[in-house]
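Reading through the structure tokens given below for one structure.
Below, chain A is the first sequence line, B the second, and so on; all start at residue 1.
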Amino acid sequence: MCGRARCSLGREQVLAAAGVGEDRWRDYEKFLPKYNLGPGSRTPIVRRDKKGDAELQTMTWGLVPSWTKKEDKLDFFRMFNARSETVPEKTVFSRLLGSKRCVVLLNGFFEWAQEHKTKQPYYIHFDGDRVMRMAGLYDSWQDAEGNWLTTYTILTTDSSKRLQWLHDRMPVILPDAQAEEAWLQDGVLDSKEYAALCAPYDGDDLQWYPVTTAMSKPDFQGPECCKPLKRQSIANFFKPKKAAQGVIHQLVHDY
DNA sequence: CCAGACGTTGTT
DNA sequence: GTCTGG
DNA sequence: CCAGACGTTGTT
DNA sequence: GTCTGG
């Protein structure tokens, strides 16, 4: 599952990741890089225009369908994920699958492991901080004043073998340029191709480490959200401070 | 025909 | 908008 | 997703 | 436990 993420990419990084110039980023001024964001936040999204050319648009995470009533209170948390397995059957998502596919650009995302009575957050990212691309669907809604709001949802799939210890669901991560092209390309997706694109990403360049529990608060910002947590062993904890200072704290990434 | 819903996750 | 239920 | 609140009455 | 707010 995927309900919290990092998108602290600079403007140039976003443009480079999308492969477009600055004139091809709609609402770029509405994107503010954040280390800790959730539904309701705005991030850069890649999609194709009518000609089939790549285009960026800052959109809000959390799908608000176009038919949402003007008087309804917006809820960005209701549809921030879509189960890829059932998207073709669900009316709310299937209507977007043919022509409203998009790619979400992120540094990585967070998952919480239930450890005894506490929840330990983990930051999941690509080796070398390679930009992460997730498969998404978007829609536009118009408020009573006529202002347009464009929102998106992130597709989820079963967790990969490597990530299963942490959660049973994970976002649909597009592994390479070819997959991104297939997801964004105009027209209806063949169901086999769709299933292949939604397969759990299991490459060993996907890595993770525990981070401070302070970032569990949605409003906690700052780079500490994504810094490896230094967890001392019990043995080191009882050693004199001076001795402990020299210890290189080992991070347990795998189980 | 009209009315009403339209979602995911985790946890027990 | 579009599908399901009555 | 996690965090935090979760209530009524009468009076000003 | 369950709902609301971010």
Side-chain angles (χ1 to χ4, degrees), chain A residues 1-8 30 32 34-43 59-101 104 106-125 132 134-143 148-160 163-173 188 198 200 208 210-222 224-226 229:
Chain A
M1 150 84 194
C2 183
R4 207 78 76 78
R6 170 189 181 185
C7 188
S8 61
K30 290 181 180 168
L32 298 173
K34 289 173 89 175
Y35 289 99
N36 185 12
L37 61 88
S41 291
R42 296 157 173 169
T43 72
M59 299 186 193
T60 304
W61 186 7
L63 192 82
V64 175
S66 58
W67 40 259
T68 301
K69 296 185 187 81
K70 309 253 186 249
E71 66 271 20
D72 277 1
K73 197 187 165 199
L74 298 183
D75 186 355
F76 299 113
F77 291 81
R78 202 154 67 144
M79 289 178 260
F80 62 87
N81 283 157
R83 288 180 67 89
S84 61
E85 299 92 328
T86 55
V87 156
E89 309 156 10
K90 303 283 182 181
T91 61
V92 66
F93 298 133
S94 65
R95 54 187 286 276
L96 306 172
L97 190 54
S99 59
K100 299 285 179 69
R101 298 190 297 271
V104 185
L106 299 168
N107 300 82
F109 63 102
F110 299 95
E111 294 282 13
W112 280 259
Q114 188 73 49
E115 294 184 356
H116 304 101
K117 287 187 175 178
T118 60
K119 281 178 178 173
Q120 176 59 54
Y122 285 77
Y123 174 57
I124 300 114
H125 62 103
M132 194 177 285
M134 295 182 187
L137 297 170
Y138 70 94
D139 204 357
S140 292
W141 171 82
Q142 205 172 17
D143 70 14
W148 286 99
L149 174 73
T150 307
T151 59
Y152 67 89
T153 187
I154 295 174
L155 271 64
T156 62
T157 187
D158 276 331
S159 264
S160 64
L163 264 177
Q164 232 142 32
W165 67 274
L166 183 56
H167 260 286
D168 61 341
R169 304 289 295 170
M170 71 184 286
V172 171
I173 297 170
V188 176
C198 293
W208 52 85
V211 293
T212 175
T213 53
M215 64 73 55
S216 293
K217 277 183 195 255
D219 56 5
F220 184 90
Q221 296 299 323
E224 309 94 287
C225 292
C226 310
L229 184 71

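Residues satisfying the side-chain hydrogen bond (donor to acceptor under 3.5 Å, both in side chains) test with A/R169, not counting sequence neighbours, are A/E85, A/T156, A/D158. Under the ring pair (Phe, Tyr, Trp, His ring centres under 6.0 Å) criterion, A/H167 pairs with no residue at all, not counting sequence neighbours. Applying the side-chain hydrogen bond (donor to acceptor under 3.5 Å, both in side chains) test to A/R95 and every residue at least two apart in sequence or in another chain returns A/S66, A/D139.
The distance from the OH atom of A/Y122 to the CH2 atom of A/W165 is 4.0 Å, given to the nearest 0.5 Å. Rounding to the nearest 0.5 angstrom, the gap separating the OG1 atom in A/T153 from the OH atom in A/Y138 is 14.5 Å. A distance of 4.0 Å separates CG in A/N36 from CE in A/M215, rounded to the nearest 0.5 Å. For the atom pair CG (A/N81) and CG (A/L63), the distance works out to 11.0 Å, reported to the nearest 0.5 Å. The NZ atom of A/K90 sits 14.5 Å away from atom CG of A/L97, with the distance rounded to the nearest 0.5 Å.
For the P atom pair drawn from D/dG7 and B/dA5, the interatomic distance equals 25 Å after rounding to whole Å. Distance check on atom P: B/dC6 versus E/dC3 gives 16 Å, rounded to whole Å. Using atom P as the reference point in both B/dG10 and D/dC2, the two lie 9 Å apart (nearest Å). Nucleotides D/dC1 and B/dT11 place their C1' atoms 15 Å apart, quoted to the nearest Å. A gap of 25 Å separates the P atoms of E/dG6 and B/dT8, to the nearest Å.
Between the CZ atom of A/R95 and the C1' atom of B/dC6 there is a distance of 10 Å, given to the nearest Å. The interatomic distance linking A/L74 (CG) with B/dC6 (P) rounds to 18 Å, in whole Å. Going from atom NZ of A/K34 over to atom P of D/dC1 covers 18 Å, rounded to whole Å.
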* B/S/- contact track for nucleotides 7-12 of chain B, protein heavy atom under 4.0 Å -> BSSSS-
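Looking at heavy atoms from C-beta onward, A/W141 lies out of side-chain contact with A/W148 at the 4.5 angstrom threshold.
Using a 4.0 Å heavy-atom criterion, one finds that A/K69 contacts no nucleic acid atom at all.
Counting heavy-atom neighbours within 6.0 Å of A/K70 NZ, excluding the residue itself, gives a total above 12.
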* To do: Whenever both distances are under 3.5 Å in a Watson-Crick or G-U wobble pair, mark it; put DNA chain D into dot-bracket that way, with [ ] for crossing pairs and | when the partner is on another strand.
  => ||||||......
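A tilted orientation is assigned to the rings of A/Y123 and A/F110, their planes being inclined by 30° to 60°.
Of all nucleotides in DNA chain C having an atom under 4.0 Å from a heavy atom of chain A, the first and last in 5' to 3' order are C/dG1 to C/dC3.
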